[in-house]
Amino acid sequence: VASSSDAAPGGSKSKAKTKTKTVMKASSVEEYLDWVEERLRRDGPTGLREMGNWFRWPGKSKKKTLKTLLNEHRHRFQLDVHGRASINYAKRRRFQGVVDRPRFKPH
């Protein structure tokens, strides 16, 4: 027979503590971009959804979407049509057309 002192007060299940990662917060947008570039160099091409969880946005500046920010800095980053970002090693802007139809149509 189990005594009443063995059971948890809220019920029989006890809550497990979850570990949370500490996310660094940049002090400026340039520092944020430097951190993102360093991480992309280390991890390679990465999806935008995963990148959004890497670092916190600097509190002083106006919040933008990550895609907009990376498009404004195309001399540093490339975005492909699948939503993945990578380093722009050419260091120049290129035309990035949207692929909406096949290139060659069969007759």
Side-chain angles (χ1 to χ4, degrees):
V1 176
S3 66
S4 63
S5 63
D6 293 341
S12 62
K13 295 182 181 178
S14 62
K15 294 183 180 180
K17 292 184 179 180
T18 58
K19 293 183 180 179
T20 58
K21 289 196 234 177
T22 56
V23 181
M24 298 188 313
K25 184 175 181 179
S27 60
S28 67
V29 177
E30 286 302 317
E31 184 180 17
Y32 182 84
L33 290 172
D34 291 340
W35 288 353
V36 168
E37 186 173 1
E38 179 183 330
R39 184 83 183 254
L40 281 173
R41 286 187 192 281
R42 188 179 73 198
D43 295 345
T46 310
L48 291 175
R49 292 182 121 190
E50 183 181 341
M51 289 175 61
N53 296 322
W54 285 349
F55 310 109
R56 289 183 56 203
W57 187 257
K60 299 174 186 175
S61 60
K62 182 180 175 186
K63 180 130 174 93
K64 295 181 181 180
T65 63
L66 184 59
K67 185 175 183 177
T68 304
L69 183 68
L70 297 181
N71 268 331
E72 288 176 359
H73 296 275
R74 280 191 272 173
H75 60 281
R76 294 174 74 174
F77 305 102
Q78 284 181 336
L79 295 173
D80 64 3
V81 294
H82 303 293
R84 296 177 63 84
S86 60
I87 300 293
N88 185 2
Y89 292 104
K91 299 293 181 195
R92 60 182 146 160
R93 292 184 176 199
R94 294 185 176 163
F95 173 74
Q96 296 177 350
V98 177
V99 178
D100 60 350
R101 60 185 168 85
R103 182 175 283 217
F104 302 105
K105 290 185 179 180
H107 293 294

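Everything numeric in this text was worked out from a predicted model, so none of it was measured. Numbering of residues begins at 1 and proceeds along the displayed sequence.
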Next item on the list: Using the test salt bridge (charged side-chain N to carboxylate O under 4.0 Å, His left out), find all partners of Glu37 that sit at least two apart in sequence or belong to another chain.
Entry: Arg41, Arg76, Lys91

Check: Mind checking what makes side-chain hydrogen bond (donor to acceptor under 3.5 Å, both in side chains) contact with Trp35, not counting sequence neighbours?
Finding: none

Note to self: So, taking the atom named OG1 in Thr68 and the one named CG in Leu79, what distance separates them when rounded to the nearest 0.5 Å?
What the structure shows: 9.5 Å

Checklist line | Side-chain donor/acceptor of Asn88 to backbone N/O of Arg74, under 3.5 Å | finding: yes

Item checked: All salt bridge (charged side-chain N to carboxylate O under 4.0 Å, His left out) counterparts of Arg84, not counting sequence neighbours -> none

Item checked: Between CG on residue Asp34 and OG on residue Ser28, distance to nearest 0.5 Å -> 7.5 Å

Check: Do Leu69 and Val36 have side chains that get closer than 4.5 Å, going by heavy atoms?
Finding: no

Next item on the list: Please name all residues satisfying side-chain hydrogen bond (donor to acceptor under 3.5 Å, both in side chains) with Ser27, sequence neighbours left out, ordered by chain then number.
Entry: Glu31

Check: Rounded to the nearest 0.5 Å, how far does CZ of Phe55 lie from CZ of Arg39?
Finding: 5.5 Å

Checklist line | side-chain hydrogen bond (donor to acceptor under 3.5 Å, both in side chains) contacts in which one or both residues fall within residues 48-59, not counting sequence neighbours | finding: Trp57-Ser61

Next item on the list: Apply salt bridge (charged side-chain N to carboxylate O under 4.0 Å, His left out) to Lys67 and list each qualifying residue two or more places apart in sequence or on a separate chain.
Entry: none

Next item on the list: Supply the atom-to-atom distance Leu70 CG to Leu48 CG, rounded to the nearest 0.5 angstrom.
Entry: 6.5 Å

